[in-house]
Amino acid sequence: MSTFRSLGIHNYRLWFIGALISNIGTWMQRTAQDWLVYDILTPQNASALGIVMALQLGPQLVIAPWAGLIADTVDRRKLLATTQIAMALLGVGLGLMVLLDVALLWHVYAFALALGVVSAFDAPARQAFVSELVRDDYLPNAVALNSASFNGARLVGPAVAGLLTAGVGPGWVFLINALTFGAMVYVLLAMRSAELNRQPRSAPGKGRIRAGFRYVQQRPDLMMVMLAIFIVGTFGLNFAVFIAAMARTEFGQDAGVFGVLSSVMAVGSVAGALLSARRERPRLRFIFGASAAFGIACVLAALAPNLWLFGLALVPVGLFALTLMTSANAYVQTTTDPAMRGRVMALYFAIFLGGTPLGAPVVGWVSDMFGPRWSLGVAAASGIIAAAAGIFWAWRYHDVRLRYDRSAPRRLRLDHEAGAADGST
C-alpha cells in the first residue's frame with residue numbers, strides 16, 4: 001500500500017518500531033509531568049504549566065544553530081544514541097525524586113530545561129537521519145509515517161499515563177518512560193550500515209552556521225512556511241495547557257479524563273498523518289489550508305458546551321494540526337539541499353518549538369485570567385492569521401487568482417502563474 005511503502009525498507013521498519021515504543025513513553029511522561037505541575041505541585045496553575053513547556057522548548061531558540069551544524073557534521077546515528085541515553089537518565093532522575101516525595105516545582109523546571117537542551121540536539125539529527133533510512137522519493141512518506149508513529153503513540157501513552165498517575169502516581173510513569181528509550185538505542189545499533197542512504201556532510205570551515213541562515217533567506221517559500229509554523233506553534237499548539245485547563249477547571253475532571261482527552265485528539269492526529277503519507281509530495285496549499293481549518297476547529301472546541309462535545313471537537317483539531325505540521329516538515333526537508341538539511345531543520349524546529357517560551361505562558365495567563373475557553377480562542381486566532389498571511393503571500397508574490405471553472409467538479413479553483421520552489425502552490 002502506498003500509505004505504508006517506507007515500511008518495506010528494513011532500516012526504516014526498525015526505526016518505526018523503536019520510535020513507536022519510545023514515543024509511547026514520551027507521551028506518558030508528558031502527560032504525567034503536566035498533571036504533576038498542574039494539579040499536584042500547584043493549585044491548578046496553568047501559568048506554571050506554561051513555564052514548564054517554555055523551559056522544555058526554549059533551548060531550541062539558543063542552541064539550534066550549533067545543533068544543526070553538529071547534525072550536518074557528525075555521524076547522526078551515534079549522536080541519536082547519545083541523546084536517547086541522556087533523556088533516559090533524566091527520566092530516571094525525575095522519577096526517583098517524585099517517588100521519594102522530594103520533588104518541588106523548581107525541580108521540575110530544572111529537569112524540563114535539561115531535557116530541552118538534550119532535545120535541541122536530538123531534533124535536527126532525528127529529522128535529518130530519516131533521509132538516510134529511505135530513498136529521496138520515499139522521504140515525504142517516511143516523514144508522514146514518523147508523525148503517524150508519534151501520534152499513534154499518543155492514542156496509548158496519555159490514556160495509560162492518566163490511569164497510572166491517578167492510581168500509583170507520576171513517579172512510576174517517569175521510570176517507565178526511561179525504559180522505553182532502550183528500544184531506540186537497540187534499533188540504532190541493529191540497523192544495517194551498508195543499507196543507509198548516506199548524505200553529504202558539511203565541509204569544514206568557518207561560516208557554516210551563517211551559510212544555513214543565508215540559504216533560508218534566499219528561499220522565500222521556506223521563509224513563509226516558517227512564519228506560519230511560528231505563529232501556530234507559538235500560540236496554537238499548546239495542547240497541554242488548554243486540555244488540562246478545560247478538563248480540570250471547566251469540566252471538573254481528574255487526571256484519567258485528561259489523559260483520555262489527549263488520546264482522543266490523537267485519533268485526529270493519526271488520521272492527518274496517514275492522509276499526508278498518501279500524498280506523493282507536500283504542497284504549500286496543504287499547509288495554509290490546514291492552518292485555516294485548525295483555527296476553525298479550535299473555535300468549535302472553545303464553544304463546546306459539555307465534555308463529550310469538547311472531546312469530539314478535539315478530533316478535527318488534531319487532524320488539521322497534524323496535517324499542517326507534517327506538510328510543513330516534509331516540504332522543508334524535501335526542498336532543502338541535503339548538505340544543508342540539518343541546519344535548516346534545526347532552524348525550522350527553533351522557530352516551531354522555540355516560540356513556545358513566548359506563547360505557552362501567554363496562553364496559560366489567558367486561561368487563568370479569562371477562562372480556559374479563551375485559551376482555545378488564542379489558538380483559533382493563530383491558525384486563521386497564519387492562513388491569511390500565507391494566502392496574502394501567495395496572492396502578492398505568486399499571482400494567485402480565484403476563478404470559476406464550469407468544467408471542474410469543484411468549480412471554485414485557485415490558479416497561479418508562478419509556483420513555489422517545487423513548482424506548485
Side-chain angles (χ1 to χ4, degrees), residues 23 26-27 30-31 33-34 46 49-58 60-61 112 116 119 123 127 146-147 150-151 153-154 158 225-246 258 261-270 272-273 276 286-302 313-329 332 348-367 372 374-387 389-390:
N23 287 334
T26 296
W27 279 115
R30 285 188 181 186
T31 303
Q33 177 180 279
D34 292 342
L49 186 54
I51 291 171
V52 170
M53 294 178 63
L55 289 170
Q56 193 160 314
L57 301 175
Q60 294 279 351
L61 284 172
S119 297
Q127 295 298 318
N146 276 359
S147 295
F150 186 69
N151 289 280
R154 200 180 200 173
V225 170
M226 290 186 182
L227 175 62
I229 281 295
F230 173 76
I231 295 171
V232 178
T234 300
F235 298 105
L237 302 183
N238 301 291
F239 299 134
V241 175
F242 64 67
I243 292 179
M246 288 289 286
F258 170 55
L261 287 174
S262 298
S263 294
V264 167
M265 190 175 70
V267 173
S269 299
V270 172
S276 297
F286 295 143
I287 299 171
F288 302 132
S291 180
F294 169 75
I296 295 170
C298 286
V299 171
L300 296 177
L314 288 179
V315 175
V317 169
L319 188 153
F320 293 119
L322 214 288
T323 300
L324 167 64
M325 290 186 284
T326 300
S327 299
N329 186 317
V332 173
Y348 171 86
F349 274 97
I351 291 170
F352 176 36
L353 300 177
T356 301
L358 302 174
V362 171
V363 173
W365 177 81
V366 169
S367 178
W374 282 103
S375 66
L376 276 163
V378 174
S382 72
I384 294 170
I385 290 171

Apply side-chain contact (heavy atoms from CB on, under 4.5 Å) to residues V225 and V332 and explain how you reach the verdict.
CA-CA 8 Å; V225 170; V332 173; 4.1 Å; yes

Could you tell me if the side chain of V366 sits less than 4.5 Å from the side chain of F242, heavy atoms only?
no

Could you measure the distance from the CG atom of L55 to the CD1 atom of I51? Nearest 0.5 Å is fine.
7.5 Å

CG/L300 to CG/L314 distance, rounded to the nearest 0.5 angstrom?
11.0 Å

Taking all atoms of both residues into account, what is the closest heavy-atom pair of G236 and F294, and its distance?
O-CZ, 3.3 Å

Between CG on residue N23 and CG on residue N146, distance to nearest 0.5 Å
8.5 Å

How many angstroms lie between CD1 in I351 and OG1 in T234, if you round to the nearest 0.5 Å?
9.5 Å

Starting at CZ of F320, measure out to CG of L324 and round the result to the nearest 0.5 Å.
11.5 Å

Minimum-distance pair of heavy atoms, taken over all atoms of V232 and A386
CG2-CB, 3.7 Å

Taking all heavy atoms of S327 and all of F286, pick out the closest pair and write down the distance.
OG-CB, 3.8 Å

First locate atom CZ of F235, then atom OG of S382, and finally report the distance between them rounded to the nearest 0.5 Å.
8.5 Å

Heavy-atom closest pair, residues V363 and S375:
CG1-CB, 3.6 Å

Over all heavy atoms of both residues, which pair between A380 and V299 is shortest? Give the atoms and the distance, please.
CB-CG2, 3.5 Å

All heavy atoms of P372 vs all of A245, minimum pair found to be CG-O, 3.6 Å

What verdict does the side-chain contact (heavy atoms from CB on, under 4.5 Å) test give for M246 and L376, after you've listed the backbone C-alpha separation in whole Å, the side-chain angles of each residue and the deciding distance to 0.1 Å?
CA-CA 9 Å; M246 288 289 286; L376 276 163; 4.2 Å; yes

Checking the side chain of T31 only, and the main-chain atoms of W27 only, is there a donor and an acceptor separated by less than 3.5 Å?
yes

